[in-house]
Structure formats: structure tokens, C-alpha cells
Amino acid sequence: MSERIKELEDRTRFEPAQVEPQIVERWLASGLFHPEPEGEASENYAIAIPPPNVTGSLHMGHALNCSVQDTLIRYNRMKSSSTGRTKWILGTDHAGIATQAQVEKALLAEGLNRHELGREKFVERVWEWQAHYGGTIVEQFKRLGASCDYSEERFTLDQGYARAVMQVFVRLYEKGWIYRDRYIVNWDPGSRSAISDLEVEERRETDTLYSIRYDVEGGASVTIATVRPETMLGDTAVAVHPGDERYRSLVGRKAILPLVGRHLPIIADDYVKMDFGTGQLKVTPAHDPNDFEIGSRHELDQISVIGEDGRMTAEAGERFAGLTVMEAREAVVAALEREGRIVAREDYEHEVPYSHRSGQRIEPLISLQWFMSMDELARPAITAVREGQVRIVPENHQRVYLDWMENIRPWCISRQLWWGHRLPVYYCETCGHVTVALSAPEACSECAGHVRQEADVLDTWFSSALWPFATLGWPQATPELKAFYPTNVLSTARDILFLWVARMIMMGIELTGEAPFSDVYIHSVIQAPDGRRMSKSLGTGIDPLQEIDRHGADAVRFGLLAMSSTQDVRYSAEKVQQGQALANKLFNATRFALVRIDASLGSGRAAAVEAQPLPRTVEDRWILSRLTGILADTAARIERYDFSHAALGLYDFVYGELCDWYLEMVKQRLPDLAGTDSEDDGRQELAATLLYVLRETVAMAHPLIPFVTEELWRYLDDTGELLAGCPYPRAREDLLDPQAETELARTIEAVTLVRGWRDSVGARAGQFVTARLCADGYELTGLLLARLARLQLLPEDQRSHALDPVDRSPVNGVASGAGGGEPSAAAPTAVASVPIPGGTVEVLSEEGLDLGAAERRRKAAKQKLLAEIERVEGKLERPGFVEKAPAAVVEGERERLARLRAELEVL
RNA sequence: GGACGCGUAGCUCAGUGGGAGAGCGCUCGCUUCACACGCGAGAGGUCGCAGGUUCGAAACCCGCCGCGUCCACCA
């Protein structure tokens, strides 16, 4: 026995923890994950990984997305191993707000804040922080087996990347699409920065809705409703609907703002809903997005009463300046109360905006920011999706994308942070002239005055939008760009479809002339087992690394893919266990086969490894046919992003066909060391077939469960090549064999039926029950039936006797040795008969069997059969059935009825 | 307010026009010479509710109920 196989023999379990680190080492050392930038993108395959936050750590979403992408990458790497290059572009994102917030938190612990430190020192600290805590997530990707190109890791703040970002800014500014404007923005007091609409999260809350009476000049009054009384200090109008008869006479008059005394014009605007409250609306253009719009239409004043620090400004008046928003609300309500102006208060449930980043309540306020107009960018990106140059899978997300794109609004791209790409905008301190350029001008081009760079940085998503091409060296025409751009697929969760994916498509088309990928795959969202969102703050998170420790990376990958069938799915520990069981099963099946073959053939094994499959028996033909089917299915499922069926189909094949049936059927044809002689009895052919099936199965499974398959490949392949670099198996249609499939299907059913009968009569597990096979269609499988169902078959009256003597007689001694070679002159009488497809098994011995139980079983089966016959008869007699149903269906039902009646005969 | 997804066995989910399935859990039997992370056999379901289409509906259509997610500027 060879040394290698000997070593394998003692490993009765697949131990992921011991094997995985070494396999990762071998993969990385092989250079397989780093393709040379050769050829055209059309013949190569590439995926750009959604860059995780540089200081982040692996969560379940990453784990699923990595499993998806790695399955695609490994499949395509194997599939095109000789014709193309496969690259998984790796890198991390600087994640402006998130990273800055982490560092600020650490500073706080030292009693410092960033302003005390100063911008330069602070940014240095962030780089230090990143050097220390960054990149752990990339190590965690390796543990999952992700076959990224680790030799070329990108970062969105790298020099080259930053140059690309600057260039894009300048270019789009020159096109007039980037501009500066005073506009109402979502102000996040937590990070003291504006944030985009997409970073706002609405939460349902109950507040008090106050009804407040404002007097109107010359008598009368209006009553407005608000949940934010403190903003009334910034009111500059009162509005009613133009069609509202009740208030027609008020329009054009002035209301008097309580506490302040300002005179507010009463205006008419369509925005006001007549049926909400009194139909009278206070207008605060500086602190409400709708009021801002009304204000622009009517040229109203904008009075900012809330500042960027979240406190009331001097404009709010002496009594309130400096108070927080909440304090101001109480104070305003108390003051109004004293004046008797609060008409009513009621509980009111509504949506309140919060910052997705800092968790603080958003203050809409007017601020001078940089914006990007999106209409021109969106147009070709809409066409690309509508016309199918970019395909969104699953399809139903396409409409969501189009709806959003067709109603796209300007994007606020400036952030008041220090960590990020600083805008390449320079202001003259003397004349205010604005210069936008790749590098700082020496002096103002207009007046030669000093220039100062814009303090703001760009929204992180501005730089992420360039990801698929900036990582490959764009704007330079690098070989990498030529070889891998456009990429093939982008895999992501749907929550960043707008935030990121849409912007990549727009920027890609605008800047490179091509959409950055042809497919967008939106994977499932994994929820906590109880159906809630998986999140750290809720305590519902499950750590994928812990799961890998416990079950192995293959198990976690398999489990995640298997459970991710629809839009939202609950985390299923069972599916992970199923994956672990599969890895172990495959390991043991291969180990068993190799040890037996090695023992049986010795040095002949090598030849068998190379040999083509040589089916000798019906079960050989059957497994080869089934293998062909699963190979085609698995490849098709991966290609259409149907990972759950790819995973579960693999499981079913390995358990339900390969191990439970084929290996059990051929066990006896694989003699152990002691039982061998040098005769050619078919062992060589069996070894060739078995090894072929195992090699193809293991190779097929590799993209899904790379570790166990790579480990097994060391034993299945003598060349020392890594499986990760081998070609993907092809389904060979010449091995399809419908006849073998039919024969085995009925035999498997028969075995199961007899086993069930045995169990019910209390036959001992190892006991061979003497029986006679009276059934057609078991010519080739009768002895398999006998062995797997533990029957000692008597030859008399056996209708299936045309067994192949070459293949069967030496292998299975049951056939002729049933009665110890002394069949009595008179055929024994059956004590029970078990129906199987095509006939019966007549049981001849009653030794130790509980025939009473058998009788009860028989009666129960008969009842069931009668009910079934009645059902089918009813169906055939149903008016219209025979006339309208397809002929094949009618025929099928008739055949079934005949079969059921035949079974009834036997019972 | 709009959109999408999901309600099938105790749990997690396949099945999407003609015989109700898997994994886990449960029951019974097995240390059968690959695997006890195993093997064999079972029990368990008015397929959310109510209509409609059809010879026939778990599946297709309409409505309702429940759960989840995304989008949206009603004070």
C-alpha cells in the first residue's frame, strides 16, 4: 500500500481546522489567484469585490457574498483554465464617516477631540489606525477560501486611486455637472456633516402634534399644526391651498408670528393638503425640505434658527439661542402656553429621519454644499439596463432600479469630514475666484491672491463609484484594464443598489464608455434565525468566523449558499451542518474507495486513475448516467446564479445516489487485501469507473466546497496539481443511459419496500430472509436486490434468472447457495409475499418473524391501495377528463391504475 | 402611501397545473469490514384565509390576513 493512501486510511473524519490553513497556504503559493493581464476582457472573467470598510470585520453578509463570488470565480477559473484568465479584484474602502467616527471615539477615550489635534495630525492618526486595525477583513476572506487576487490589493485612498478620483471631479466640473449651491440638506449633527438622501433612515416614532394659533393682522387667526414647535421661530409664511374656499379671504394678508412678532405673508400653494388638520400650514424654508421648495416658489426669506452644532442660533432670538433643539422645543411650548396659543395637543405617529451613519436625528438645514446633477449621467445608465447590456438578477430588481433612476435627484457629494478625498477646489482669499484643478494653483489666476483649498471631502460613494476601473489603473490604459474591464458580474446585497451599483454604472459609462459589468447579481439578505435583522446592536448577529471554527469553511459556504434561495432568508444552522456532513461524507467515500482500490490493485492503481470509465454492470452504467446529469445541472445552476439548488443538488447526488446506493452496490466488487488474487476479475475496470466518478464529483463540487475537495485531490490525482487550477468537468452525453436509470430506479424502490417489510416483521438487522423472487425486470439487478435487502434467494420459480455469469457469480455467492445447495423436491410454500415493482418477493421462512405484524401491515397496505385505486378511478371517470386532458396524461393514469390493480392482486 | 419577497411536516425551506418532498428534530432498529458529523425503517401536512379560471389548483388570477425588506417630502 502506498504511503499516501496509508496515511489517509487512519483519518476517519474530515477535520477542517487542521487542513484548511495548509490549503490556503498552497493556494496562495501557487500563484493561481493572480492572473497575468493578458488577452481581452471578452475572453477573460473578472469580478470586482465590493470593497469592505478597511477597519471592518467579516459579517454574515460578507460571508455570503464571498461564497457567491468565489463559487463563480472558481467555476470560471476551472472552466476556462486553458482559454482565459480569471481575476477577482480585491481591495478595501476608506469609508469616510465610519472610519473617522471610530478614530474619534478612540481619541475621546484619551480625552482628545479632532479639533484639538488639528486636521493634519488627525488624518495621520487615521492612517495609523488603519495600519493597525485595517486589513483584518482580508485575512478573514482567506479563511473562507475566497480566491481573490491578494497580490494586488487596492485601497480607495491609494495615490493612484486618488488621482483617478480627482480627475473625475475636474472632468465633471468642467462639464458643468458638479456645482456649488446653498440648498437644504440632511444635516447629521453626529458627524457634523451633510449626508445624502440614501444615508437617511426613517424610524416610526410618536411625538406630540401641537396646534398653535397665530393672529392675523386686522383680526381673525390661523391655526397651524406641528410636531416641531421650535422651528416656528424660523417661519416666514403661512400657506393654504389655492382652491380652499374657507381661506380665500386670508390670502395676501399677514399673520403675526407669536413670540417673535414677525409678520408672515399668507400665501396659496398646491402643496398644502386641505384635509389635513385645519388646512393651514406654517412654512419654515430653512428647516424643512418641503417648505424650502415652497419658499423658492414664493421667494420667501430663509431664516436659519438651528445651527450645524444642533443648537439654536442667534436668529432664534435671545431667549432661545444656544439651547439644544429639544430644550428649545420645551421652552417654545412653555412660552406659547403662557400666551394661551396652544389650541390642542395630541399623540402623533410619524416617520422621523435619522442618520444611518451616526444614529443621530437629522436636522434639515440650509448649507453651502457641492452637488452633482445626475440627469445626464442617468440617461445612458437607464438605457443600458433597459436594453439588457446590464442584466439585473433576479429580474424584479430591474424595475426598482429603473424607478429610482428615472426620478433621480442631485447628489450632495461634499462631506464636512477630514478623512477622505479633499475636493480639488481652491478659493482665492482675496477675490473669491474658484479654481478647480488637479493640483493647487500657485496663486489666484484672476488677482494673484492667496488660494485656499476647500476643506470638505467627497462622499465615500463618489470614490467607490469608480471601483471596477480605478482599481485596474484607469485613467491610464493599463494592460490590466484591457484584460479585465468591463468585469463580468457584480454581486451585492440590494441595500446598496442605488448607493453604489447605480452610480458605478453611471460613472462607468460616462468615463470609460462601457458599463462596468454585464450582470448584477443581488443576493439574499440573511436574517437572524428569529426573522429579525441580523445586527450587532440588536444582539442578533452570528459571527461567521465562529461558525467556520465550529463547522469548517466548506460547511459555512455550503450552508449560506443552500439557504439563500429568496429575497430574505433566515439563518439556518441546519444547512451549515448539512454542509459539514457533506464534506465529511465525500471525504469518507473517497477514502474508502482509494484504500480499497489501493489494497486491491497495488501499483495498478495509477493506471486506473488515468483510465476512462469502463462500465461492466448496470449499476456502473447507472452511476455514470446520473453523474452526467448532475454535472450538467450543477454547471447550469451556477451559471444562472441558482446557488441554493447547485448546493442542494450536489448533496442529494453524493448522499442519495453515490454513497447510499452506488458504493453499497459495488462494495463487494472491491475486495480487501486479504481476499485478492491476481486474476483479472473486473477490479481494474471497476476501479477505473469508481475513480472517474469520484474525480468528476470532487472537481464539480470544488467551486462550492473548495477545501475538502482540494484535500481529496491530493489523493485522487498523482500529478501534484492543485484542483483549483484544473479544468471543470464536462457532462458527457455518451454516458447517459436511460435504460440503466429505469432499472435502478425500480430496484431501489424494491429494496426499500422489502426493507420496510423486514422492519415491520422484526427481522434482525443482519438476518438473511429466505425468499423467492417472482418478478420481471430484475435480470440484471436481482442479486443487488438480494444483497441490499438481505434476502437469500431460492432459484426455483425465479423469473429473473438471466444473470450475467461473468459479472455476478464470483462476486455474490448468494445466488446459488441459498438453501445450502439442497433445494427440496417440492418448492416451499410462501408464508408472506411482498409486492415490489413488477412482481413480488415470496418469503419462504418464518423463522423469528412476527407474521402477525406482517399481516397487519398487509391489511394496512391494502386499505391504502384501495383508496388510491378509488382516487384514480374517480379521476378517470370525471366528466371531461378523458376528452380534455392531454392523451399522455390520460394514458399515464390508466397505466397507473393497471399497476395498482396488479399490486392489489398480489396482496 | 408605493414596490418587492415570504406564509407547505415541530423548525428551516424545496416543489409552481395532473401521484405532497428534503435537511434538522422526533420514534423504532442497527458498534453491518468508508463515515455514529454514520446506516436502515417510520410517524408527522384541511400546502395562511376566502373567491375565481380549469376536466383538474399547493401551484395561475383577484381579494383579504400575517411576517419581512426597500423606496417615498403630508405638517
Side-chain angles (χ1 to χ4, degrees), chain A residues 9 12-14 197-198 202 209 224-228 231 239 271-273 275-278 280-284 288-293 348 350-351 353 364 394 396-397 399-400 403-404 407 494-495 497-498 524-525 527 529 531-533 551 555 562-563 565-575 577-578 580-596 644-645 648 651-652 655-656 659-660 663-664 667 672 674 751-752 755-760 762-766 788 790 868 871-872 875 878-886 888-890 892-893 896 900:
Chain A
E9 190 176 11
T12 57
R13 272 188 193 183
F14 177 62
D197 295 343
L198 290 169
E202 306 282 342
L209 181 69
I224 58 88
T226 181
V227 288
R228 304 200 56 196
T231 63
Y271 170 76
V272 184
K273 299 268 190 293
D275 53 1
F276 190 93
T278 59
Q280 299 168 331
L281 174 71
K282 74 194 256 305
V283 183
T284 320
D288 182 284
N290 299 307
D291 293 6
F292 181 87
E293 297 295 337
Y348 184 68
H350 64 144
E351 306 277 330
N396 55 302
H397 292 287
R399 237 187 68 207
V400 181
D403 284 350
W404 188 78
N407 297 298
R494 67 182 178 282
D495 56 351
L497 183 62
F498 309 137
S524 309
V525 170
Q527 303 173 324
R532 288 188 295 167
R533 197 187 181 83
H551 306 286
M563 69 182 91
S565 51
T566 54
Q567 188 170 284
D568 304 296
V569 290
R570 298 177 180 207
Y571 185 80
S572 159
E574 288 81 10
K575 288 279 195 306
Q577 268 160 17
Q578 206 178 336
Q580 184 178 1
L582 173 65
N584 190 56
K585 192 76 172 173
L586 202 53
F587 182 83
N588 273 295
T590 308
R591 179 173 70 96
F592 168 64
L594 284 174
V595 168
R596 283 296 192 86
S644 72
H645 288 102
L648 293 169
Y651 178 95
D652 287 342
Y655 267 80
C659 292
D660 287 352
L663 282 182
E664 293 303 323
K667 257 181 186 171
D672 61 23
V751 170
T752 305
R755 280 172 176 171
W757 179 87
R758 289 176 55 100
D759 212 53
S760 69
R764 283 180 291 107
L788 295 174
R790 308 243 172 216
E868 182 69 5
R871 206 185 61 77
V872 179
K875 190 166 176 179
R878 191 167 56 209
F881 176 71
V882 177
E883 294 78 30
K884 296 194 178 173
V889 171
V890 177
E893 294 296 333
R896 191 153 114 235
L900 291 169

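We name chains A, B, ... by the order of the sequence lines, and we start the count at 1 in each one.
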Taking [atom1] from [X] and [atom2] from [N], how many angstroms apart are they, rounded to a whole number?
| X | N | atom1 | atom2 | value |
| --- | --- | --- | --- | --- |
| A/Y655 | B/rG21 | OH | C1' | 18 Å |
| A/L594 | B/rC35 | CG | C1' | 14 Å |
| A/D660 | B/rG38 | CG | P | 11 Å |

Checking all strands, does [X] fall into the base, sugar-phosphate, or nothing category for heavy-atom contacts under 4.0 angstrom?
| X | answer |
| --- | --- |
| A/E883 | nothing |
| A/P529 | nothing |
| A/Q578 | sugar-phosphate |
| A/R228 | nothing |

Review point. Now, which nucleotide makes the Watson-Crick or G-U wobble pair with B/rG40, with each of the two distances under 3.5 Å?
Key: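 Checking every strand shown, B/rG40 finds its partner in B/rC28, with both distances under 3.5 Å.
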Check your understanding: Think A/Y348 has a side-chain N or O under 4.0 angstrom from the OP1 or OP2 of B/rA75?
Key ->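 Indeed, a polar side-chain atom of A/Y348 lies that close.
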[atom1] spacing across the pair [N] / [M], given as an integer number of angstrom:
| N | M | atom1 | result |
| --- | --- | --- | --- |
| B/rC61 | B/rU54 | P | 16 Å |
| B/rA3 | B/rG15 | P | 25 Å |
| B/rU27 | B/rG10 | C1' | 14 Å |
| B/rC24 | B/rC60 | C1' | 33 Å |
| B/rU12 | B/rA36 | P | 30 Å |

Under 3.5 Å between N/O atoms: give me all the protein pairs with nucleotides 4-6 of chain B, atom names plus distance.
{"unit_1": "B/rC4", "atom_1": "OP1", "unit_2": "A/R399", "atom_2": "NH1", "d": "3.4"}
{"unit_1": "B/rC4", "atom_1": "O3'", "unit_2": "A/N396", "atom_2": "ND2", "d": "3.4"}
{"unit_1": "B/rC4", "atom_1": "O2'", "unit_2": "A/N396", "atom_2": "ND2", "d": "2.9"}
{"unit_1": "B/rC4", "atom_1": "O2'", "unit_2": "A/Q567", "atom_2": "OE1", "d": "2.7"}
{"unit_1": "B/rC4", "atom_1": "O2", "unit_2": "A/Q567", "atom_2": "NE2", "d": "3.0"}
{"unit_1": "B/rG5", "atom_1": "O4'", "unit_2": "A/Q567", "atom_2": "OE1", "d": "3.2"}
{"unit_1": "B/rG5", "atom_1": "O4'", "unit_2": "A/Q567", "atom_2": "NE2", "d": "3.4"}

**Study point:** Polar side-chain contact A/E9-B/rA34 base: donor and acceptor under 3.5 Å
**Key:**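 No such pair is found, so the answer is no.
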Review point. Using the ring of each side chain (for Trp, its six-membered ring), is A/Y651 parallel, tilted or perpendicular to A/Y655, with breaks at 30° and 60°?
Key: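 Parallel: the ring planes of A/Y651 and A/Y655 meet at under 30°.
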Point to revise | Out of B/rA41, B/rG19, B/rC55, whichever nucleotide has its closest atom nearest the side chain of A/K875 | key: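 It is B/rG19.
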